[in-house]
Amino acid sequence: MKNDVIIVGGGMVGAAMALKLAKQGCMVTVIEQQQVDFNAVLASEDLDLRVSAINRFSEQLFAELGILDNLLTKRHAPYRRLAAFEQAKQTLLFDAKDIDYDYLGHIIENKLIQAALWQAFASHNITVKSDLGKLNRIEQVESRITLHYGKSELTADLVIAADGGQSITRQLAGIGTTGWKYQQSCMGILIKLDAPQQDITWQQFQATGPVAFLPLQAPYANLIWYHSGTQLAKWAALNPGQLKQKVIEHFPTLPGDFEVIEQAVFPLTRQHANQYVQGRLVLVGDSAHTINPLAGQGVNLGFKDVQQLATCLANKLDVGDKAALLQYQRYRKTANLVMMSAMDACYLGFSNQIPPLKWLRNKVLATAERSGPLKNWVLKYAIGEKL
């Protein structure tokens, strides 16, 4: 049977895309090799090291998809303040109260977001397939697109690639990318913190790379540590007590005593697809763009892709409509490139230790802190209120 839409990849962005299009009347098939036992995930007390700072734009999308209220009954931490600094006395502080909001967003475990989205599949015309094996060929004719999985094939009006930065779908479609691997890697550290609930997330820029603090639901928090991949691998191999000592030596003072629960090292890559659309195939999320996670914008950009693509396809008799898909590409490719370039400029500017540049960037932080309306505009942009 022919599908309206096939979505390759059932992660956070792919699952949100499936729900959004199903709500618009599409018959959707999600191809995901790793089945999600959402009931087990939502009931589990095991924390996920991978978390996302979900901004207000993404929360509005979750509300439209009918999962926000359910998701906010699970583990989460609202953050009301966001700080960036090199030296504590020259801190750029964004505060929700300055724009008359109660909070800026929520920090939520990735597995909880994905599970909440999957739980909502049952209420919509969404089928999940997970036993197809490896995708080995994509065939397109004017009116349909077919995915070949060994002896199986699936045909649709539109295929959406949401299968991550190493997207096989994108590669088989022949869509190239530009980008590079950063010299640094990133270590995430889950800690149990002897402190009340925190409502501030901060980043300090150091000569070896930024370090950051993300509050989770008390008593937990997540630390982010940029450094050379070689050095992080050595530190990640330490026992919890030894790693704790390294954190104490290299991080600003945390709000209480803590113990290390888990850690993992991730490579950092910038990658941007040369095009988002090829015939009846379209890219969303990390399949289209991976970004330096400096400001936690990665998954939020993916959710903006979801909203924009759904808007362009709304009320179309043919969801593979070329003009609609190219409209999506025009909007999102430019916006994503702007954000990627802004994060790189920030990353490179603060990683350089040339004395005049150090002086200049601290002056920039001090000036930005006093900029009033401009600072508030930047804050609204970061949380998705300005598009």
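Being a predicted model, the structure only gives us computed values, none of them experimental.
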Undergrad: Got a donor-acceptor contact below 3.5 angstrom from the Q197 side chain to the A218 backbone?
TA: yes

Undergrad: Of all heavy-atom pairs between P210 and F205, which one has the smallest distance, and what is that distance?
TA: CG-CD2, 4.1 Å

Undergrad: For Y103, check side chain to side chain donor-acceptor pair (under 3.5 Å) against everything at least two apart and list the hits.
TA: E59

Undergrad: Cation-pi between K134 and Y149: NZ/CZ under 6.0 Å from ring centre and within 45° of the ring axis?
TA: no

Undergrad: Please report, to 0.1 Å, the donor-acceptor pairs under 3.5 Å made by any side chain of residues 243-250, with sequence neighbours excluded.
TA:
unit_1: K244; atom_1: NZ; unit_2: D257; atom_2: OD1; d: 2.8
unit_1: K244; atom_1: NZ; unit_2: F258; atom_2: O; d: 3.0
unit_1: H250; atom_1: ND1; unit_2: K246; atom_2: O; d: 2.9

Undergrad: To the nearest 0.5 Å, how far apart are CG in D157 and CG in L313?
TA: 11.0 Å

Undergrad: Taking 4.0 angstrom as the limit, do D318 and K316 come out as a salt bridge?
TA: no

Undergrad: If only atom types and distance count, is the side chain of H289 paired as donor or acceptor with the main-chain N or O of S287 below 3.5 Å?
TA: no

Undergrad: Is the side chain of Q329 donor-acceptor paired with the backbone N or O of V277 at a distance under 3.5 Å, no angle test?
TA: yes

Undergrad: Taking atom CG of N239 as the centre, does the number of heavy atoms from other residues, nucleotides or ligands within less than 6.0 Å exceed 12?
TA: yes

Undergrad: Pair up each side-chain donor or acceptor in residues 171-178 with any protein partner under 3.5 Å, not counting sequence neighbours, and list the distances.
TA:
unit_1: Q171; atom_1: NE2; unit_2: Q166; atom_2: O; d: 3.2
unit_1: Q171; atom_1: NE2; unit_2: S167; atom_2: O; d: 3.3

Undergrad: Any side-chain to backbone donor/acceptor pair from E32 onto Q34? Under 3.5 Å, distance only.
TA: yes

Undergrad: Aromatic contact between F62 and F303, with the criterion being ring centroids under 6.0 Å apart: yes or no?
TA: yes

Undergrad: Return yes when atom CG of N274 has more than 12 non-hydrogen atoms of other residues, nucleotides or ligands closer than 6.0 Å, and no otherwise.
TA: yes

Undergrad: Got a sec, which residues hit salt bridge (charged side-chain N to carboxylate O under 4.0 Å, His left out) with E153, two or more places apart in sequence or on another chain?
TA: none

Undergrad: Tell me whether R332 forms a cation-pi arrangement with Y276, defined as NZ or CZ under 6.0 Å from the six-membered ring centre and within 45 degrees of its axis.
TA: no

Undergrad: Taking the side chain as everything from C-beta on, heavy atoms only, tell me whether H272 gets closer than 4.5 Å to N336.
TA: yes

Undergrad: Under the 3.5 angstrom rule, does the side chain of Q263 hit a backbone N or O of A236 as a donor-acceptor pair?
TA: yes

Undergrad: Quick one: side-chain contact (heavy atoms from CB on, under 4.5 Å) partners of D286, sequence neighbours excluded?
TA: T290

Undergrad: Can you list everything that forms a salt bridge (charged side-chain N to carboxylate O under 4.0 Å, His left out) with D321? Sequence neighbours excluded, please.
TA: none

Undergrad: Go through it in stages, so that I can follow the logic: the residues are Y328 and L325, the test is side-chain contact (heavy atoms from CB on, under 4.5 Å), and I'd like the CA-CA distance, side-chain angles, deciding distance and then a yes or no.
TA: CA-CA 5 Å; Y328 157 76; L325 297 179; 5.6 Å; no

Undergrad: Can you find a pair of side-chain heavy atoms, one from L42 and one from L112, that are under 4.5 Å apart?
TA: yes

Undergrad: Using the salt bridge (Lys or Arg N to Asp or Glu O under 4.0 Å) rule, collect all pairs that involve residues 196-206, keeping only residues at least two apart or in two chains.
TA: R81-D199

Undergrad: Do R75 side-chain atoms and Q217 backbone N/O form a donor-acceptor pair below 3.5 Å?
TA: no

Undergrad: Check side chain to side chain donor-acceptor pair (under 3.5 Å) between D131 and all other residues, then give those that pass, not counting sequence neighbours.
TA: none

Undergrad: Identify the two heavy atoms, one from G256 and one from L193, that lie closest to each other, and give their separation to 0.1 Å.
TA: O-CD1, 3.6 Å

Undergrad: Quick one, I200 with L82, criterion side-chain contact (heavy atoms from CB on, under 4.5 Å). Give me CA distance, side-chain angles, the key distance, then yes/no.
TA: CA-CA 6 Å; I200 184 170; L82 188 159; over 6 Å; no

Undergrad: Looking at A156, is its backbone amide N or carbonyl O close enough to the side chain of D4 to form a donor-acceptor pair, meaning the two atoms are under 3.5 Å apart?
TA: no

Undergrad: Given 3.5 Å as the limit, does a donor-acceptor pair link the side chain of N300 with the main chain of I54, or not?
TA: no

Undergrad: Nearest 0.5 Å please: distance from the CG atom of L190 over to the OH atom of Y220.
TA: 7.5 Å

Undergrad: Just distance, no hydrogens or angles: give the donor-acceptor pairs under 3.5 Å from side chains in residues 12-25, sequence neighbours left out.
TA:
unit_1: K20; atom_1: NZ; unit_2: E64; atom_2: OE1; d: 2.8
unit_1: K20; atom_1: NZ; unit_2: Q307; atom_2: OE1; d: 3.0
unit_1: Q24; atom_1: NE2; unit_2: A310; atom_2: O; d: 3.2

Undergrad: Under 3.5 Å, side chain of R280 to main-chain N/O of E142, donor-acceptor pair present?
TA: yes

Undergrad: How would you list all residue pairs meeting salt bridge (Lys or Arg N to Asp or Glu O under 4.0 Å) that involve residues 263-278, not counting sequence neighbours?
TA: R270-D344

Undergrad: Measure the shortest side-chain to side-chain distance between Y182 and T269 over non-hydrogen atoms and say whether it is less than 4.5 angstrom.
TA: no

Undergrad: Apply side-chain contact (heavy atoms from CB on, under 4.5 Å) to residues W202 and V211 and explain how you reach the verdict.
TA: CA-CA 8 Å; W202 51 255; V211 296; 4.3 Å; yes

Undergrad: Kindly determine whether L283 and L281 satisfy side-chain contact (heavy atoms from CB on, under 4.5 Å), including the steps that lead there.
TA: CA-CA 7 Å; L283 310 179; L281 185 141; 3.8 Å; yes

Undergrad: Quick one: salt bridge (charged side-chain N to carboxylate O under 4.0 Å, His left out) partners of R330, sequence neighbours excluded?
TA: none

Undergrad: Which heavy atom in T91 sits nearest to a heavy atom in A83, and how many Å separate them?
TA: CG2-CB, 3.9 Å

Undergrad: Sequence neighbours left out, what passes salt bridge (charged side-chain N to carboxylate O under 4.0 Å, His left out) with R80? Give chain and number order.
TA: none

Undergrad: Spell out, as yes or no, whether a donor-acceptor pair under 3.5 Å connects the side chain of Q184 to the backbone of L268.
TA: no

Undergrad: Could you go step by step and tell me if F213 and F251 meet the ring pair (Phe, Tyr, Trp, His ring centres under 6.0 Å) rule?
TA: CA-CA 9 Å; F213 173 86; F251 274 66; 9.1 Å; no

